[in-house]
Amino acid sequence: MTALLEARDVTVRFGGVTAIDGVSFAMEPGELLGLIGPNGAGKTTMMRAITGVVTPDQGTVVLAGRDLKGLGTAARIRRGLGLSQQLVRPFRDMTVLDNVALAAGHAKTAGPWGALARVDRSAERDRARDLLDRVGIADVADAWPGNLPLGFLKRLEVARALALDPQLLLLDEPLAGLNQIEAGQLADTIVDLNRQGLSIVLIEHNLGEVLRICTRIVVLDNGRRIGMGEPRAVMADPVVRAAYLGEGGGHAAA
Amino acid sequence: MLDAYHISLLTVMGISVTFALSLNLITGFCGQISLGHAAFLGIGAYGAALLSKAGLPVPLGLAAGALLAGAIGAVVGLTSLRVRHDFLAITTMGVGFLFLGIVRQQDALGGEMGVSGFPGTGLDKEGFMVLVLAVAAATAAFSLYLKKSWLGFAFDAVAEDEDTARLLGVDVARFKLAAFAMGCAIAGLAGGLYAHNVRFIDPDSFGFVESITVLSMVVIGGIGSVWGVIVAAAGLSVLPLWIQFIEDYKLLIYGGLLFAVMRFSPGGLAGAVAAVARRGRTEP
Amino acid sequence: MLYVELFLQGLIQGSIYALVAVGLTLVYGLLRILHIAHAGLFTLGGYIGVLVTDATGSLALALLVAAVTVGLLGMALYRVCYEPILNKPPFVALIASIGLFIAMEEIYRIVFGPYGLSYQAPPLQDSVVLWGMHLTQAELAVMGGGVVVIAVLALLAEKTRAGTAWKATVTDPQMAQSFGIDTVRVRYLNFFIGSALAACAGVMVALMNNLVEPTMGSVPSYKALAIIVLGGLGDVRGTLIAALALGVIEAFGTIYLGDLMDRDAIAFAFLIVVLMIRPQGLLGRKA
Ligand SMILES: Nc1ncnc2c1ncn2[C@@H]1O[C@H](COP(=O)(O)OP(=O)(O)OP(=O)(O)O)[C@@H](O)[C@H]1O
Ligand SMILES: [Mg+2]
């Protein structure tokens, strides 16, 4: 058992729709794994099955050798997951800094009574400021998220996930809404984090960046896994090409 | 020196402030609406009254009533894990009616007749007032502290967006249950003081109207604002006693105020003050 | 015999609940507002019923006047009270509505007096024998009327253009609008129908008890909330079934659980148990 994360035969249905259909994959510690596929392929649903937001109808998710079945989302996060969501959900009644500081204080919010006994937030705020700097939005630390453009909120999501000190970082389209320069910078940051030993799953439509930075990719289409392996080899596979081109071909450029 | 009239005013005020702050903890801090909070005032009141009638020392009776209310509150809090928002409002309202309906039918709890003739605290009116005000002040201090603590921080997250709070590792269920347990225990303590103040309790003192009254104190003060809730609870509780004529129109005024605040200033007093302050800052 | 009698009593009570609850559920389906003040309109219907019947001697006219007046008032209530706070968090409208309801009850107390009004010569009091049970015509009318009116309403929602527009607006207001449905008119119509039905229920209840009092709306209002939640919020058919079921359960419950808790508590105990098992309501589908 060396795999950090393993999805075994995971199936999720919403009413009549099968969002993911018997998908399996595994990743080793230290990997930067790309998870790609056309719109509606089931990528976000896979993330939700890993974080426990949805319960798979079938199959299991194993993190560092432990089956996550039966654990709630918060408990899974505390076992070392951090998720940056595709649809940004900042707390709008807190500043950007406090959004990150709350995550950075995860040791203090482990339970209500422990949380009640602690007041000081300065260490967490310092750490939050560092993380905001790292993703390039330190200058809006004291702003309210409600007024910020999407590109900032995406990076806030990433900073918040990092603040959880995860052993596995899950990024769902972190580059969407960023301009080319910002996207390139954030992609570089992601690579840096990975070099420092953090394992990362990256969902992206920005194929250029995925091919540039990921060491391995998994391709989903219509809920099924249609490819897995070294990026360039996988993208050369006719089945994968057909899935992308069949969708109108817009994605390869997107 | 205060005269008896003002002593009784301040006592009523202190109990109301404590009670309103206890709901503010659940609804204001943690974002869980409750339309049946008077039931916990009642549980504390019945607990304190019956236990001291059974021979338990008064302080122990008060503490036991509070603990009982807190324990039952945590159980009721379990419902907030199953249903949210409107459904939770209706469920907690149901809890209120359930409490009344059960107490009414139990002779052991005094039934429709209520409970009276239980031993007093041994304090004179003034001493009792000091006790009540000390409890209210302690509750206010606790609320202010809680808001600044990491618990308050996590409550903010739970109140605004449970799903995202979970993704930041907050075990939402435990935090909600803690809010219900603390809020209901404090309500129970307020109830025990209420029982010893009026020296007679019956089911009607803890009905739906009381639940709405305390909610209106929280809402009018400004949901989540400690100072706003204190001012509103103090004001609304003694207004009817101050001006006799209001007693007749008390409910009309409560109802009208609730509606008007929600319609014109949903942030309550605190929200209105903040808005004025903001305007002052932007137009120097 | 006891069972049949309990069952019938339950159905009568359930029909009243249904008439009150259906307006609430219509409003909830459309606006996601728990419109507690609805019960204030029910009470007003009762007052108008007694006043008009006493003045003219015609119950039919009283029903008509009550339905139209209260229906219009319901529309006004929407315009003045709810429309401006629709996009606030849900508790805002809920609390505003509770405030409005309390104020309405107090206004009735101040205007009509605390002890209530009775009919000078209450109509429909003749006794009818049904399965060996003595019921008044008024009770029969409530039971028959309630079920028929709601069944017709459910049918209209299925079969007519207005019904389709209503359902479309419930499902997706923006989509409905883009299909040329005047969603604002749908809302007004919604408030008119719901309020008019509550008024009719008020008239009939006043007739059954031969009394209207300021607080006569309280219990039906809280029960109606429980019912629309049980019925799966916004679902007319579910509301009808939940209302009748609750009426019957209360009737039996008061006999078998009466020592433990009173009638209202039985209703809410049932609500809580159902919600804990099925958070989406008795008939509601999972969200
Ligand atoms: N909560 C839900 N209820 C019903 N269907 C859902 C739900 N969530 C996702 N789906 C459906 O499941 C399928 C997979 O959706 P998912 O969001 O996982 O795709 P995705 O790969 O993340 O797409 P995108 O690239 O657009 O983000 C889609 O058909 C979607 O409509
Ligand atoms: Mg997605």
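Note on naming: letters A, B, ... go to the chains in the order of the sequence lines (proteins, then strands), and numbering restarts at 1 for each one.
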Flag side-chain contact, heavy atom, 4.5 Å: [X] against [Y]:
{"X": "B:Lys176", "Y": "B:Cys30", "answer": "yes"}
{"X": "B:Asp163", "Y": "B:Val172", "answer": "no"}
{"X": "C:Phe268", "Y": "B:Val95", "answer": "no"}
{"X": "B:Ile72", "Y": "B:Leu68", "answer": "yes"}

Can you tell me which portion of [X] sits under 4.5 Å from chain B's heavy atoms? Options are side chain, backbone, both or neither.
{"X": "C:Ile85", "answer": "side chain"}
{"X": "C:Ile110", "answer": "side chain"}
{"X": "C:Arg109", "answer": "side chain"}
{"X": "C:Tyr222", "answer": "both"}
{"X": "C:Leu100", "answer": "both"}
{"X": "C:Leu94", "answer": "side chain"}
{"X": "C:Leu271", "answer": "side chain"}
{"X": "C:Ile36", "answer": "neither"}

| Ring centre gap for C:His35 and C:Tyr82 strictly below 6.0 Å | yes

| field | Ring centres under 6.0 angstrom apart (B:Phe155, B:Phe29) | value |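 So the answer is no for these two rings.
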
| request: Would you mind checking if C:Glu83 and C:Arg187 are paired as a salt bridge, meaning a charged N to carboxylate O distance below 4.0 Å? | output: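 Salt bridge between C:Arg187 and C:Glu83, a charged N being under 4.0 Å from a carboxylate O: no.
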
Find the one option among [options] whose heavy-atom pairs under 4.5 Å with chain C are most numerous.
{"options": "B:Leu78, B:Thr91, B:Leu98", "answer": "B:Leu98"}
{"options": "B:Leu258, B:Leu215, B:Leu252", "answer": "B:Leu252"}
{"options": "B:Thr27, B:Ile212, B:Leu81", "answer": "B:Ile212"}

| Taking non-hydrogen atoms and a cut-off under 4.5 angstrom, which of residues 103-114 of chain B neighbour chain C? | B:Arg104, B:Gln105, B:Gln106

| query | What parts of residues 217-233 of chain B touch chain C if we use heavy atoms and a cut-off under 4.5 Å? | reply |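 Expected list: B:Val219, B:Ile223.
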
| task | Give the intermediate values and the outcome of side-chain contact (heavy atoms from CB on, under 4.5 Å) for residues B:Phe19 and B:Leu23. | result | CA-CA 7 Å; B:Phe19 185 36; B:Leu23 180 61; 6.0 Å; no

Region of [X] that comes under 4.5 Å of a non-hydrogen atom in chain C:
{"X": "B:Ile33", "answer": "side chain"}
{"X": "B:Val261", "answer": "neither"}
{"X": "B:Phe99", "answer": "neither"}
{"X": "B:Phe97", "answer": "both"}

| Any sub-3.5 Å donor-acceptor pair from B:Ser237's side-chain atoms to B:Ala234's backbone N or O? | yes

| Do B:Ser80 side-chain atoms and B:Val76 backbone N/O form a donor-acceptor pair below 3.5 Å? |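 A pair under 3.5 Å: no.
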
Just checking, is any N or O donor in the side chain of [X] or [Y] under 3.5 Å from an acceptor N or O on the other one?
{"X": "C:Tyr47", "Y": "C:Glu213", "result": "no"}
{"X": "B:Ser205", "Y": "B:Glu210", "result": "no"}
{"X": "B:Ser22", "Y": "B:His37", "result": "yes"}

| For chain B, the option from C:Ile95, C:Ile107, C:Val229 that forms the most heavy-atom pairs under 4.5 Å | C:Ile95

| When only pairs under 4.5 Å are counted, which of C:Ala226, C:Ala103, C:Pro279 shares the most heavy-atom pairs with chain B? |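 Looking at each option in turn, the highest pair count goes to C:Pro279.
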
| remark: Closest heavy-atom pair, B:Ile201 versus B:Ala49, reported as atoms and distance to 0.1 Å, is CD1-CB, 3.8 Å

| Closest non-hydrogen atom pair between C:Ala269 and C:Met261, with its separation |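 C:Ala269 and C:Met261 have their closest heavy atoms at CB-SD, 4.1 Å.
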
| request: Step by step, work out the side-chain hydrogen bond (donor to acceptor under 3.5 Å, both in side chains) result for C:Thr43 and C:Glu105. | output: CA-CA 8 Å; C:Thr43 310; C:Glu105 283 193 343; 5.6 Å; no

| request: Can you establish whether the number of heavy atoms outside C:Phe112 located under 6.0 Å from its atom CZ is more than 12? | output: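 Counting other residues, nucleotides and ligands, CZ of C:Phe112 exceeds 12 neighbours.
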
| query | Distance from C:Leu24 atom CG to C:His38 atom NE2, nearest 0.5 Å? | reply |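 Spacing of CG (C:Leu24) from NE2 (C:His38) equals 4.5 Å.
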
